Amino acid sequence: MSKVDFSKLANTGVQGLRPYQPGKPIDELAREFDLNPKDIIKLASNENPMGPSEKALAAIKNELADLTRYPDGNGFELKTTLSEKLGVKTSQITLGNGSSDILEFIVKCFVSDGDEVMVSQHAFAIYGLVTKMAGGKCVQVPAKNWGHDLEAMAAAVTEKTKIIFVTNPNNPTGTWNTKVQLETFLQKVPNNVLVLLDEAYFEYVDKTDYPSGIDYLEQHPNLVVTRTFSKAYGLASLRVGYGVCSEALADLLNRVRPPFNVNSLALAAAVACLKDENFARQSKELNDQGMNQLQAGFDQLNLSWIPSVGNFICFAVPGMAMDIFQGLLAKGVIIRPVANYEMPDHLRVSIGTQAENQQFLLALKSLLGV
Ligand SMILES: *Cc1c(COP(=O)(O)O)cnc(C)c1O
């Protein structure tokens, strides 16, 4: 019997795909380097160093007895809580298994063979992946000072452009766009081109001219804003996020959403988090202190860094990024190379606890031999 090459049978978009590269898990590194998992710190996936909130844990425990049931497929309680908090209708909300789910839904709804999706250089990698999966083409607009050049992006729209992805602040660069920049951009983009505004790190930003995408939904029915419980709310493993948009768009997103895509533990924990904003505030405070600590540390080591408003920061180690990354691994410190983001001279580190940041800086210092 002849051997079948299944890759030739796969959809064209899938044939050229490479899987998303996540940060290395602690247990994997422990096995590779024969280290004790307790001695390893992971600052590679922008996770919350505080761990989950007590309130979320309590809500999860409370929910355990009902695991035999399917979750509420409409997420009634979470949508109601979000709608009150954000001042939008529940019919404008789409729940996702992580906010990356929503990115996939919008592409599934609007992109097919030959369509184009626009992203900024150095933008989050998932957009390109889901676009290619759908047979679409990802058009990249050059960044300006590492960040989104929204003026250039609006000017680059063509007949083929279906969706523009904007990440504010962006991962991995930590750069952000102002209210005026976003407003001008939204006004210029034709109203039949969708704008997906990814606000995964929204809770960490306190700049006065930083916009909340929710404020622009009424004027711009082509806008979808996504947020997540994976970062400031500390629930990355549960996979829960959401999109907010016009009712007409939400109706479409819900058509491609798999039934029961958010499980009952995630739903309960997310509601508990929203009712306890203390946790997100503490996450931000810890992050602010850690950000200062790392920036001061980089300055001391004479390393340049990209100003970031997220819970992570990129620093430059020209010509030796991979060596430093590997050297840190051997010392039990996991951070993230960003060469696949066209940033071969940088590394990205997530802000950890004070002790984790210190351990990282000491390991970095010894590798640099200064
Ligand atoms: C972490 C992150 C997300 C969130 O992913 P989830 O699926 O919600 O865990 C989305 N966008 C960006 C830019 C991120 O960095």
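All values below come from the heavy atoms of this structure, side chains included, with hydrogens, waters and symmetry mates left out. Residue numbers start at 1 and run along the sequence shown. Please read these numbers as outputs of a predicted model, since none were measured by experiment. Counting starts at 1 for both ligands and their atoms, in listed order.
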Looking at Phe105, I'd like to know if the NZ or CZ of Arg257 sits under 6.0 Å from its six-membered ring centre while staying within 45 degrees of the ring's axis. no

Quick one: does Tyr201's side chain get under 4.5 Å of Asn171's, heavy atoms only? yes

Answer side chain, backbone, both or neither: which part of Ser100 comes under 4.0 Å from ligand 1, heavy atoms only. both

What atoms of ligand 1 come within less than 4.0 Å of a heavy atom belonging to Ala200? 2 (C), 3 (C), 10 (C), 11 (N), 12 (C), 14 (C)

Got the closest protein heavy atom to atom 11 (N) of ligand 1, with its distance? Asp198 OD2, 2.7 Å

Identity and separation of the nearest protein heavy atom to atom 9 (O) of ligand 1: Ser230 OG, 2.6 Å

Report yes if the side chains of Leu9 and Val4 come closer than 4.5 Å at any heavy-atom pair, otherwise no. yes

How does Phe229 reach ligand 1, by side chain, by backbone, by both or by neither, if only non-hydrogen atoms under 4.0 Å count? neither

Before accepting this row, confirm whether a basic side-chain N of the pair Lys42/Glu47 lies closer than 4.0 Å to the acidic partner's carboxylate O. yes

Assigning hydrophobic clusters by single linkage (Ile, Leu, Val, Met, Phe, Trp, Tyr; side-chain heavy-atom cutoff under 4.5 Å), is Val349 placed with Ile306? no

For atom 4 (C) of ligand 1, which protein heavy atom lies nearest, and how many Å away is it? Ser99 OG, 3.3 Å

Subset of ligand 1 atoms that lie under 4.0 Å from at least one heavy atom of Thr167: 13 (C)

Would you mind checking which non-hydrogen protein atom is closest to atom 3 (C) of ligand 1, with the distance to 0.1 Å? Lys231 NZ, 3.3 Å

Before accepting this row, confirm whether a basic side-chain N of the pair Lys284/Glu203 lies closer than 4.0 Å to the acidic partner's carboxylate O. no

What atoms of ligand 1 come closer than 4.0 angstrom to any heavy atom of Asn171? 13 (C), 14 (C), 15 (O)

I need the atoms of ligand 1 closer than 4.0 Å to a non-hydrogen atom of Arg239, numbered in the order shown. 6 (P), 7 (O), 9 (O)

Gly98: numbered ligand 1 atoms lying under 4.0 Å from its heavy atoms: 6 (P), 7 (O), 8 (O)

Verify whether the ring centers belonging to Phe124 and Tyr341 lie closer than 6.0 Å. no

So, are Asp115 and Lys162 salt-bridged, with charged N and O less than 4.0 Å apart? yes

Counting heavy atoms only, which of Phe165, Phe124, Tyr201, Tyr242 is nearest atom 15 (O) of ligand 1? Tyr201

Polar contacts were defined as any N/O atom of the residue lying under 3.5 Å from an N/O atom of the ligand; does this apply to Thr228 and ligand 1? yes

Side-chain ion pair, Glu28 and Lys24, N-O less than 4.0 Å: yes

